Structure formats: C-alpha cells, structure tokens
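Remember, it's a predicted structure, so these values are computed and weren't measured experimentally. Positions are given from 1 along the sequence.
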Amino acid sequence: MTDSKDRIRILVTGSLGTVGAELSNELRVRGHVVVGCDLAHSRQQVGFSLEGDPDANYVRCDVAEFRQLQRVFDELGPFDFVFHCAAEFG
C-alpha cells in the first residue's frame with residue numbers, strides 16, 4: 001500500500017447518510033483517503049486540533065454554514081475531489 005500522502009484525498013459531505021456512507025466505504029476499499037463530514041456525531045470523529053492529520057476520516061460539519069465548511073478545507077485539506085452527498089430527507 002502506498003503512503004497516504006501519495007493517495008487521492010477525497011471529501012464526502014453527508015458521509016453518514018444513505019448514499020454518502022456507501023460511497024465512502026467503496027472509496028476506502030479502493031485505497032483512497034476519505035474524509036467525511038456530516039451533521040451527526042461519529043465514533044471516527046476527529047477534532048480540529050488535529051490540523052492536517054492525514055489519517056483524519058470524519059469531522060462534524062454543517063455544509064449550510066460556510067465558515068464550518070471553510071474550516072474543513074483549511075485544516076483537513078487539500079482534497080483532490082469532493083463528492084457532495086449531503087441532503088435532507090423529509
């Protein structure tokens with residue numbers, strides 16, 4: 001396996017939802033570094049005190065709040081791709 005610095009880094013919004021969870025799992029199986037964000041808390045959640053941690057894989061974030069999303073990019077990016085799967089069912 002290659003070093004995480006050499007692998008593709010992907011941000012998946014809505015990563016705990018129906019579509020985002022499946023996509024995140026598949027991307028990880030394919031060897032990509034996946035950072036997920038969603039409104040819910042998760043056991044894999046990391047705090048922003050871990051700036052630039054290449055192994056960070058989840059952060060709580062509301063994509064409707066620009067500053068929260070900007071912080072994800074500033075502190076956990078850069079990302080090669082972003083898959084926007086965040087949605088509200090109802």
Participant: Can you find a pair of side-chain heavy atoms, one from L76 and one from V59, that are under 4.5 Å apart?
Facilitator: yes
Participant: Please check this pair: side chain of Q68 against backbone of D62, looking for a donor-acceptor N/O pair closer than 3.5 Å.
Facilitator: yes
Participant: Heavy atoms, side chains only, cut-off 4.5 Å: are C85 and V12 in contact?
Facilitator: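 They are in side-chain contact.
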Participant: Rounded to the nearest 0.5 Å, what's the gap from CD1 on I10 to CZ on R28? Could you check?
Facilitator: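 Between atom CD1 of I10 and atom CZ of R28 there are 10.0 Å.
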Participant: Do V34 and I8 belong together in a cluster built from hydrophobic side chains that touch within less than 4.5 Å?
Facilitator: yes
Participant: When rounded to the nearest 0.5 angstrom, what distance separates NE2 in H32 from CD in E26?
Facilitator: 9.0 Å
Participant: Decide yes or no for V72 and L11: does some side-chain heavy atom of the first lie under 4.5 Å from some side-chain heavy atom of the second?
Facilitator: yes
Participant: Which pairs count as side chain to side chain donor-acceptor pair (under 3.5 Å) when at least one residue sits in residues 77-90, sequence neighbours excluded?
Facilitator: T13-H84
Participant: Just so I know, are the side chains of F81 and F83 near enough to count as touching, which here means a heavy-atom distance under 4.5 Å?
Facilitator: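 Yes, their side chains come closer than 4.5 Å.
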Participant: Nearest 0.5 Å please: distance from the CG atom of L39 over to the OG atom of S15.
Facilitator: 10.5 Å
Participant: Checking the side chain of R60 only, and the main-chain atoms of C37 only, is there a donor and an acceptor separated by less than 3.5 Å?
Facilitator: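 Not confirmed, R60 side chain does not pair with C37 backbone.
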Participant: From E75 CD over to Q70 CD, what is the distance, rounded to the nearest 0.5 angstrom?
Facilitator: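 Atom-to-atom, E75:CD and Q70:CD are 10.0 Å apart.
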Participant: Within the supplied structure, the quantity of interest is the number of heavy atoms (other residues, nucleotides, ligands) at a distance under 6.0 Å from R30 CZ; does it exceed 12?
Facilitator: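 Not more than 12 within 6.0 Å, no.
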